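Just below is one structure, and these are the notes that go with it.
Computed from a predicted model, the values in this text were never measured in an experiment.
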Amino acid sequence: MDDGHRDDWPQRWAGTDCDIRTAVGAIPRAARDGFRYDEAPWKRFRHFYGPGEEIPGLLATLASGNAEAADQALCRLWTNLHHQGGTIAVGALAVPFLLRIAATGRPELRAETLRLVAEIGRCQHIGDGSREGLLRVAEDPAVVEGSTVCPVDWTIQAARQAVTDDLHLLFPLLCDPDPEVRATTAYALAAATGEQPHLTTALHATLATEDDAVARVSLILAIAQLAREHHDSHAPGWARELWSDPGRPTETRIGAGLAWLCLVTDPAPDELRTLLTDPAIRRYDQLLHPVPWLTWIDTTGFGLRSCIDDMLTAHGARTASEDPWAATPSG
């Protein structure tokens, strides 16, 4: 990049062949539906470990009938497209195809494929269980990916638009027999940038009949994430009604409590603080660890506890006297 163009970069790339948003949007619908990988500009972008033209072969293997090869291909796609929590431009090119593979491919790989879609369309959030960070999706516009010098938020925007364009593929998966798929479908749907009323209605309807704890909390956080993005003024009241109702399942109240804390800036009421710091809540650490929003907060299985700590303590810094778990013996 020469000095004469630094002041207007990356704006001068916007809408050009170097803009991943333009590149993803230009893939024809027929090419997406027909898995015609050659109609996407893979050579224009790199993944974290090599040239982008390697990705179509991995996608084709993932979509194949060979279970072992498909599993290995998905592992490599995760490595190449989601390195240390970061996302990269060529990943957004893969999103339309990953969505179709998730919808039609091997059921046992569906959840992890959907999770990869959602992570491609999200900022780096490993370890961030704060009120500001748990539901945050967008990246600072100034942050660029080192291998491609592409603004990370452009990649996120492109991936999210691809999800929005293909919502029809995701809605049926809210009724998948596998609760892990239902949970990760909610995670992927939360990345959508449009059709918020339709999305929210579908998520609420699913929540009303969901009987799995992880899927239920995932639906609550998906509804909250969409509400936060679209400034839905009704959502805080809905979340408060859920967490304050002792007749609700405990995991529902926990999820709604986290959602409420992310939707408002008010201090946690004593009633909510009592709920979330009750020693009995510790048994939900492992139960709710598979919730996609919590998995990356603490990969050892204590994402829920980390979230509660960060959300209830100013600035996320804890002293022994402030730690809500300090008085509780470990184990």
Side-chain angles (χ1 to χ4, degrees), residues 48 75 77-88 91 111-112 114-147 151-153 155-156 159-160 180 183-184 186-188 190-191 214 217-218 220-222 224-225 228-229 251 254-265 268 273 276-277 281-320 322-326 328 330:
F48 283 109
C75 288
L77 284 165
W78 268 97
T79 299
N80 293 341
L81 304 179
H82 188 254
H83 177 62
Q84 296 182 348
T87 189
I88 195 165
E112 278 304 294
L114 289 171
R115 191 187 295 258
L116 178 56
V117 166
E119 296 296 348
I120 291 169
R122 189 168 183 190
C123 63
Q124 205 279 77
H125 58 102
I126 292 178
D128 188 354
S130 66
R131 297 175 71 170
E132 297 78 16
L134 185 64
L135 304 182
R136 186 168 67 93
V137 180
E139 184 56 88
D140 184 328
V143 174
V144 299
E145 195 288 309
S147 300
V152 173
D153 201 50
T155 297
I156 294 170
R160 296 182 70 190
E180 184 182 7
T184 50
Y187 192 43
V214 170
V217 172
S218 296
I220 289 169
L221 294 179
Q225 183 169 305
R228 183 177 177 180
E229 290 260 314
E251 64 272 7
I254 293 170
L258 298 180
W260 186 86
L261 288 166
C262 291
L263 289 169
V264 303
T265 57
R273 186 176 289 273
L276 295 180
T277 59
I281 294 299
R282 295 188 67 164
R283 72 170 67 105
Y284 290 89
D285 270 326
Q286 297 301 317
L287 175 67
L288 298 181
H289 178 64
V291 172
W293 284 265
L294 300 180
T295 301
W296 294 105
I297 303 306
D298 185 326
T299 56
T300 64
F302 297 98
L304 173 61
R305 189 180 310 183
S306 294
C307 274
I308 292 172
D309 287 356
D310 288 346
M311 290 187 183
L312 295 186
T313 307
H315 310 301
R318 299 184 296 279
T319 66
E322 295 172 326
D323 187 347
W325 308 99
T328 307
S330 60

Side-chain touch [X]/[Y], heavy atoms, less than 4.5 angstrom:
X    : Y    : result
M311 : L276 : no
L287 : L304 : no
P290 : E180 : no
R122 : I156 : no
L261 : L312 : yes
T155 : I88  : no

(message) Would the distance check show the side chain of Q84 and the main-chain N or O of G86 forming a donor-acceptor pair, the cut-off being under 3.5 Å?
(response)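 No, because the side chain of Q84 does not come within donor-acceptor range (under 3.5 Å) of the backbone of G86.
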(message) I'd like to know if the side chain of Q286 and the backbone of G301 have a donor-acceptor N/O pair within less than 3.5 Å.
(response)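 Yes, Q286 side chain to G301 backbone: donor-acceptor pair under 3.5 Å.
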(message) Classify the ring geometry of W78 against W296: parallel below 30°, tilted from 30° to 60°, perpendicular beyond 60°.
(response)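 Plane angle between 30° and 60°, so tilted.
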(request) Could you verify whether a donor N or O on one side chain and an acceptor N or O on the other, from Y187 and Q225, lie under 3.5 Å apart? (result)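 No, no side-chain donor-acceptor pair sits under 3.5 Å.
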Where do [X] and [Y] come nearest, in terms of heavy atoms and distance?
X    : Y    : result
A118 : A188 : CB-CA, 3.9 Å
A183 : V214 : CB-CG1, 4.0 Å
D309 : T313 : O-OG1, 3.0 Å
A259 : A224 : CB-CB, 3.6 Å
C262 : L134 : SG-CB, 3.9 Å

(request) Test L288 against every option in V217, L258, I281, T295 by the side chain to side chain contact (heavy atoms under 4.5 Å, CB included) rule and name the one that passes. (result)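 Testing each of V217, L258, I281, T295 against L288, the sole residue satisfying side chain to side chain contact (heavy atoms under 4.5 Å, CB included) is V217.
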(request) Identify, with sequence neighbours excluded, every residue that meets ring-ring contact (aromatic ring centres under 6.0 Å, His included) alongside H83. (result)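 Expected list: F48, Y49.
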(request) Evaluate the side chain to side chain contact (heavy atoms under 4.5 Å, CB included) criterion for residues D298 and R305: first the C-alpha distance (whole Å), next the side-chain angles of each, then the deciding distance (0.1 Å), finally the verdict. (result) CA-CA 9 Å; D298 185 326; R305 189 180 310 183; over 6 Å; no
(request) To the nearest 0.5 angstrom, please state how far the CG atom of N80 sits from the SG atom of C75. (result)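 N80 CG to C75 SG: 11.0 Å, rounded to 0.5 Å.
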(request) Drop me the distance from Q124's CD to T87's OG1, to the nearest 0.5 angstrom. (result)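 Interatomic distance, Q124 CD to T87 OG1, rounded to 0.5 Å: 11.0 Å.
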(message) If you apply the rule side chain to side chain contact (heavy atoms under 4.5 Å, CB included), what do you find for I126 with T299, and how did you get there?
(response) CA-CA 9 Å; I126 292 178; T299 56; 5.7 Å; no
(request) Taking only Lys NZ, Arg NE, NH1 and NH2, and the carboxylate oxygens of Asp or Glu, determine whether E112 and R115 approach each other closer than 4.0 Å. (result)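 Salt bridge: yes.
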